[in-house]
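Working notes, beginning with the structure itself.
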Amino acid sequence: MKKFSSIEEAFEWWLKNIYPALPADVKVGKYLNGWRDFTYNKGISHKRMKDILSDFGDVDEKTLITFKLK
C-alpha cells in the first residue's frame with residue numbers, strides 16, 4: 001500500500017512507475033490521454049485521475065477539513 005497526500009501526487013507516481021511498464025496495446029485511449037493531459041498541463045479532473053488509478057488498484061480518498069472559529 002502506498003500513501004499520498006493528493007490525487008495528483010498518486011497519479012504522478014502512477015505515471016512514473018506503472019504507466020511505463022504497460023504493454024503498448026494498453027497505453028492507448030484513456031491512459032494515453034490521461035498521461036498527455038497531466039504531463040502537458042492540459043487539464044485532467046480528479047474524477048478522471050481516480051478512474052484511471054482505480055483500474056490498477058483500490059483508491060481510498062479521504063478529505064479532512066478543519067474549521068476553527070476566531
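Residues meeting the salt bridge (charged side-chain N to carboxylate O under 4.0 Å, His left out) test with Glu12, sequence neighbours left out: Lys16. With sequence neighbours excluded, the residues satisfying side-chain contact (heavy atoms from CB on, under 4.5 Å) with Lys42 are Arg36, Asp37, Tyr40. For Lys62, the salt bridge (charged side-chain N to carboxylate O under 4.0 Å, His left out) test picks out Asp60, with sequence neighbours left out. Lys2 is linked by a side-chain contact (heavy atoms from CB on, under 4.5 Å) to Phe4, Trp13, counting only residues two or more places apart in sequence or in another chain. Residues satisfying the salt bridge (charged side-chain N to carboxylate O under 4.0 Å, His left out) test with Lys50, not counting sequence neighbours, are Glu61. Under the ring-ring contact (aromatic ring centres under 6.0 Å, His included) criterion, Phe11 pairs with Trp14, Phe38, not counting sequence neighbours.
Counting non-hydrogen atoms of other residues, nucleotides and ligands closer than 6.0 Å to CG of Asn17 gives a total above 12.
Formation of a donor-acceptor pair under 3.5 Å by the Asn33 side chain with backbone atoms of Gly29 is found in this model.
To the nearest 0.5 angstrom, Trp35 atom CH2 is 13.0 Å from Leu22 atom CG. Taken from CD1 in Ile44 to CD1 in Ile7, the straight-line distance is 10.5 Å, to the nearest 0.5 Å.
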Practice problem: For the pair Tyr31 and Leu15, evaluate side chain to side chain contact (heavy atoms under 4.5 Å, CB included) and give the outcome as yes or no after the intermediate values. | Solution: CA-CA 9 Å; Tyr31 306 131; Leu15 287 174; over 6 Å; no

